[in-house]
Peer 1: 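Quick one: the structure is below, and I'll ask about it shortly.
As a basis for the values below, the full set of heavy atoms in this structure was taken, side chains included, without hydrogen atoms, waters or symmetry mates.
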Amino acid sequence: MERRVAERLRGTLSPLGLEPHAFKVGWYNAVLQPAFHLPYPDDTLAFVVLSTPSMFDKALKPFVKKERLKIIRDPVDQCVSYHLSRVKEKFPDQRVDVMFDYEMLPSRKPKFLAQTAAHVAGAAYYYQRKDVKRDPWGKKKIYGVCIHPKYGGWFAIRGLLLFPDIQVLLLEQPAPVDCVSTEEKRIELLEQFNFHWQDGRYRDIIEVKERYSEEQRVYFATPPAERFRLLGLTQ
């Protein structure tokens, strides 16, 4: 069952530059405190969805062109929301719950922890402070970051698709690719991400096969309020 669902999802999302990765809710809940648990049985089938560098041209620009006369708040969020919500049409006999990376609970906690989901699904390795043996940061707050084996840091985690009616007892958990495997490189990665994230160098911590286009880099480097004109929109 999982394989059929995964194939249908890939057929729907891959042409848009979106990449689904399967996991069991129990894998996610097992590594988090109860306050962050997803409220589903452990064997529930779920997919974390990444946007790859090609999403900008394959999904965002056509979406903006089509929706030009409608009110657009955040073009990327609305584009992803549109396409992930339409996934439900591909599964008329299944309940499909959708969560987006920008959604918050009433408690102001995020609905899901995106980087944890990507790690347990084997989509990208979530490098954290605990992955460094000789911690050089003392009392400084150090945030972790996911690195994709193909795209490095040139990707984003956009949402979850959950199938509450599908229980997958035998799904085997894939390990994420540990592509930043040396102590020195991990320190460099966390240093760049925490203290120099604006220059984007952390994204190229490994040799990548694909990165954002120049147009896409300019778009994401532009303050959100000014991005509309880059897409030919008025705010």
Side-chain angles (χ1 to χ4, degrees), residues 1-52 54-55 59 80-81 83-101 103 105 109-128 130-131 144-153 155-181 206 209-210:
M1 186 63 172
E2 176 273 329
R3 191 169 296 172
R4 290 202 302 274
V5 173
E7 287 174 357
R8 193 178 300 178
L9 277 181
R10 280 194 292 270
T12 302
L13 297 177
S14 294
L16 301 167
L18 298 170
E19 194 175 273
H21 294 265
F23 68 98
K24 287 167 59 167
V25 165
W27 302 347
Y28 175 92
N29 287 349
V31 298
L32 292 171
Q33 297 173 351
F36 292 101
H37 284 186
L38 294 170
Y40 299 85
D42 282 353
D43 290 325
T44 303
L45 177 63
F47 292 82
V48 62
V49 180
L50 314 182
S51 63
T52 72
S54 66
M55 187 273 287
V80 172
S81 173
H83 286 298
L84 293 192
S85 297
R86 286 200 68 191
V87 163
K88 296 181 181 184
E89 298 171 14
K90 303 293 182 181
F91 299 92
D93 300 324
Q94 298 289 346
R95 177 180 152 197
V96 184
D97 293 347
V98 186
M99 295 182 186
F100 300 103
D101 65 300
E103 288 186 300
L105 296 167
K109 288 188 176 78
K111 276 197 171 181
F112 74 99
L113 299 183
Q115 299 200 103
T116 299
H119 186 94
V120 300
Y125 200 107
Y126 184 23
Y127 291 97
Q128 302 176 73
K130 64 183 178 64
D131 294 310
V145 59
C146 273
I147 296 296
H148 191 286
K150 180 178 178 182
Y151 308 118
F155 76 104
I157 304 158
R158 298 296 181 185
L160 294 187
L161 298 168
L162 297 117
F163 292 79
D165 299 329
I166 302 178
Q167 303 294 300
V168 281
L169 303 179
L170 302 178
L171 188 62
E172 189 172 331
Q173 185 171 7
V177 178
D178 181 6
C179 48
V180 187
S181 55
I206 62 169
K209 295 188 172 71
E210 190 179 347

Peer 1: Could you walk me through whether Ile157 and Asp101 satisfy the side-chain contact (heavy atoms from CB on, under 4.5 Å) test, starting with their C-alpha distance in whole Å, then the side-chain angles of each, then the deciding distance to 0.1 Å, before giving a yes or no?
Peer 2: CA-CA 7 Å; Ile157 304 158; Asp101 65 300; 5.7 Å; no
Peer 1: Determine whether Phe163 and Val96 make a side-chain contact, defined as any pair of heavy atoms from C-beta on separated by less than 4.5 Å.
Peer 2: yes
Peer 1: Using 30° and 60° as the class boundaries, would you call the ring planes of Tyr125 and Tyr127 parallel, tilted or perpendicular?
Peer 2: parallel
Peer 1: Does Thr116 have any side-chain hydrogen bond (donor to acceptor under 3.5 Å, both in side chains) partners at least two apart in sequence or in another chain, and if so, which?
Peer 2: none
Peer 1: May I ask you to test the Lys88-Val98 pair for a side-chain heavy-atom distance under 4.5 Å?
Peer 2: yes
Peer 1: Give, for atom CG of Leu160 and atom CD of Glu103, the distance between the pair rounded to the nearest 0.5 Å.
Peer 2: 9.5 Å
Peer 1: Cut-off 3.5 Å, no hydrogens considered: what does the side-chain donor-acceptor table look like for residues 2-17, sequence neighbours left out?
Peer 2:
| from | atom 1 | to | atom 2 | distance (Å) |
| --- | --- | --- | --- | --- |
| Arg8 | NH1 | Lys90 | O | 2.7 |
| Thr12 | OG1 | Arg8 | O | 2.9 |
| Ser14 | OG | Arg10 | O | 3.0 |

Peer 1: Run Gln128 and Gln115 through side-chain contact (heavy atoms from CB on, under 4.5 Å) and show every step you take.
Peer 2: CA-CA 10 Å; Gln128 302 176 73; Gln115 299 200 103; over 6 Å; no
Peer 1: Sequence neighbours left out, what passes salt bridge (charged side-chain N to carboxylate O under 4.0 Å, His left out) with Glu172? Give chain and number order.
Peer 2: none
Peer 1: List the steps, then state whether side-chain contact (heavy atoms from CB on, under 4.5 Å) holds for Arg95 with Asp97.
Peer 2: CA-CA 7 Å; Arg95 177 180 152 197; Asp97 293 347; 2.7 Å; yes
Peer 1: Return the CG to CZ distance between Leu84 and Arg158, rounded to the nearest 0.5 Å.
Peer 2: 10.0 Å
Peer 1: Decide yes or no on side-chain contact (heavy atoms from CB on, under 4.5 Å) for Val31 and His119, but give the supporting numbers first.
Peer 2: CA-CA 11 Å; Val31 298; His119 186 94; over 6 Å; no
Peer 1: Write out all pairs satisfying salt bridge (charged side-chain N to carboxylate O under 4.0 Å, His left out) with one or both partners inside residues 32-45, taking only residues at least two apart or from two chains.
Peer 2: Lys24-Asp43
Peer 1: About how many Å separate CZ of Phe155 and CD1 of Ile147, when rounded to the nearest 0.5 Å?
Peer 2: 6.5 Å
Peer 1: What distance do Asn29 atom CG and Phe36 atom CZ have between them, rounded to the nearest 0.5 Å?
Peer 2: 12.0 Å
Peer 1: State which residues pass ring-ring contact (aromatic ring centres under 6.0 Å, His included) with Phe100; sequence neighbours excluded, sorted by chain then number.
Peer 2: Tyr102
Peer 1: Could you pull out all residues at least two apart from Tyr28 that satisfy side-chain hydrogen bond (donor to acceptor under 3.5 Å, both in side chains)?
Peer 2: none
